[in-house]
Amino acid sequence: MVLASALILFAAPLARSPAVAQEADLEAAKKQFLTSCGVCHTVEPGAPPRQGPNLHGVYGRKAASLPEFTYSDALKGVDWTWDDATLDPWIENAQSVRPGTVMNYRQADPAKRKLIIAYLKSLSAKP
Ligand code: HEC
């Protein structure tokens with residue numbers, strides 16, 4: 001019994017090749033982004049902002065740094081770059097990170113936040 005379940009644990013990750021797994025994960029990540037953030041954010045390079053700024057290349061970008069977007073006073077002038085450490089609490093509860101921000105959004109599920117961040121990261125990845 002113990003041996004059988006050990007085999008299942010080892011066999012499962014081998015069932016999909018890493019490349020296929022990554023693509024599937026990215027597809028899921030994109031879906032999650034569109035569901036959670038797409039109403040307010042575009043991601044195509046050069047696409048106009050919606051309620052929030054265009055997020056193409058936001059991973060690794062200095063916060064509140066797009067000249068064409070009018071940020072709230074709450075976000076204007078903050079001194080950080082968007083990465084795993086700053087995006088996670090922001091998506092979890094933007095208002096608690098910067099009280100008064102006009103982004104009214106909360107995502108309590110860490111797995112969904114992880115997917116969304118992975119998608120944003122993929123948009124910034126250098127080819
Ligand atoms: C209801 C609309 C809305 C939703 C939904 C929303 N946002 Fe926002 N977002 C905004 C607005 C508005 C701002 C500008 C905030 C400000 O100026 O205070 C913003 C700002 C941001 C910024 C800062 C960008 C920069 O240039 O510094 C990031 C990052 C961000 N949002 C990520 C997300 C992600 C990821 C999601 C989905 C999990 C999401 N947002 C969902 C409206 C939204």
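Start at 1 and go down the list; that is how both ligands and their atoms are numbered. Throughout, numbering of the chain's residues begins at 1 and tracks the sequence.
- The protein heavy atom nearest to atom 32 (C) of ligand 1 is Leu55 CD1, 3.7 Å.
- Among all non-hydrogen protein atoms, the one lying nearest atom 34 (C) of ligand 1 is Cys37 SG, 3.5 Å.
- Thr86 places a side-chain N or O within donor-acceptor distance of the main-chain N or O of Thr81, the cut-off being under 3.5 Å.
- When atom types are taken as modelled, the side chain of Arg50 and the backbone of Gly38 share a donor-acceptor pair closer than 3.5 angstrom.
- By the 6.0 Å contact criterion, NZ on Lys31 is open, its count of non-hydrogen atoms from other residues, nucleotides or ligands being 12 or less.
- At least one donor-acceptor pair closer than 3.5 Å links the side chain of Gln95 to the backbone N or O of Thr101.
- Shortest contact from atom 12 (C) of ligand 1 to any protein heavy atom: Gln51 O, 3.3 Å.
- Residue contacts to atom 8 (Fe) of ligand 1: His41 brings an N, O or S atom closer than 2.8 Å.
- For ligand 1, the atoms closer than 4.0 angstrom to any heavy atom of Pro53 are 13 (C), 14 (C), 19 (C), 20 (C), 24 (C), 26 (O).
- Distances from ligand 1 to the non-hydrogen atoms of Arg98 include no value under 4.0 Å.
- In this structure, Asn54 and Pro49 have side chains that are not in contact, with every pair of non-hydrogen atoms separated by 4.5 Å or more.
- The distance from ligand 1 to the heavy atoms of Ser72 drops below 4.0 Å at these ligand atoms: 16 (C), 17 (O), 18 (O).
- Residue Leu87 has at least one heavy-atom neighbour below 4.0 Å for each of these atoms of ligand 1: 29 (C).
- Evaluated by nearest non-hydrogen atom to atom 42 (C) of ligand 1, the leading choice among Ala94, Gly38, Cys40 is Cys40.
- Considering backbone and side-chain N/O of Lys62, none are found under 3.5 Å from N/O of ligand 1.
- Using a 4.5 Å heavy-atom threshold, the side chains of Asp25 and Tyr119 count as separate.
- Note that CG of Leu34 is 12.0 Å distant from NE2 of His41, once rounded to the nearest 0.5 Å.
- Here Val102 has heavy atoms under 4.0 Å from ligand 1 in both its backbone and its side chain.
- Set against the non-hydrogen atoms of Ile91, the atoms of ligand 1 under 4.0 Å away are 35 (C), 38 (C).
- Among the backbone and side-chain atoms of Tyr105, none of the N, O or S atoms lies under 2.8 Å from atom 8 (Fe) of ligand 1.
- Judged purely by atom type and a 3.5 angstrom limit, Thr42 uses its side chain to pair as donor or acceptor with the backbone of Pro48.
- Taking atom 26 (O) of ligand 1 as the reference point, the nearest protein heavy-atom neighbour is Tyr71 OH, 2.6 Å.
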* To do: Could you give me the CA-CA distance, side-chain angles and deciding distance for Ile116 and Ile91, then say whether side-chain contact (heavy atoms from CB on, under 4.5 Å) is met?
  => CA-CA 9 Å; Ile116 292 164; Ile91 299 171; 3.9 Å; yes

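- No donor-acceptor distance shorter than 3.5 angstrom exists from the side chain of Arg98 to the backbone of Ser72, with no hydrogens or angles considered.
- The closest protein non-hydrogen atom to atom 28 (C) of ligand 1 is Trp90 NE1, 3.3 Å.
- Near Ala63, the atoms of ligand 1 lying under 4.0 angstrom from a non-hydrogen atom of the residue are 27 (O).
- Hydrophobic clustering, with ILVMFWY side chains joined whenever heavy atoms are under 4.5 angstrom apart, groups Trp90 together with Tyr71.
- In the vicinity of Ser36, heavy-atom distances shorter than 4.0 Å reach the ligand 1 atoms 5 (C), 37 (C).
- Considering only heavy atoms from C-beta on, Tyr105 stays 4.5 Å or farther from Cys40 through its side chain.
- For Ala64, the closest heavy-atom approach to ligand 1 falls below 4.0 Å.
- Residue contacts with ligand 1 for Val39 are absent, since no atom lies close enough (heavy atoms, distance under 4.0 Å).
- Checking only distances, Gly52 never comes within under 3.5 Å of ligand 1, N or O to N or O.
- Checked against a 3.5 angstrom limit, the closest N/O atoms of Ile116 and ligand 1 fall outside it.
- Ligand 1 has no atom lying under 4.0 Å from any heavy atom of Leu66.
- Contact atoms of ligand 1 toward Thr101: 15 (C), 16 (C), 18 (O) (distance under 4.0 Å to a heavy atom of the residue).
- Judged purely by atom type and a 3.5 angstrom limit, Ser36 has no side-chain atom pairing as donor or acceptor with the backbone of Phe33.
- Which of Phe69, Trp82, Tyr59 comes nearest to atom 14 (C) of ligand 1 through a heavy atom is settled by distance: it is Phe69.
- Side-chain contact annotation: Asp84 with Tyr59, donor-acceptor N/O pair under 3.5 Å present.
- The 12-atom threshold is not exceeded at CZ of Arg106, counting heavy atoms of other residues, nucleotides or ligands nearer than 6.0 Å.
- Atoms of ligand 1 lying under 4.0 Å from at least one heavy atom of Arg61, given by number and element, are 26 (O).
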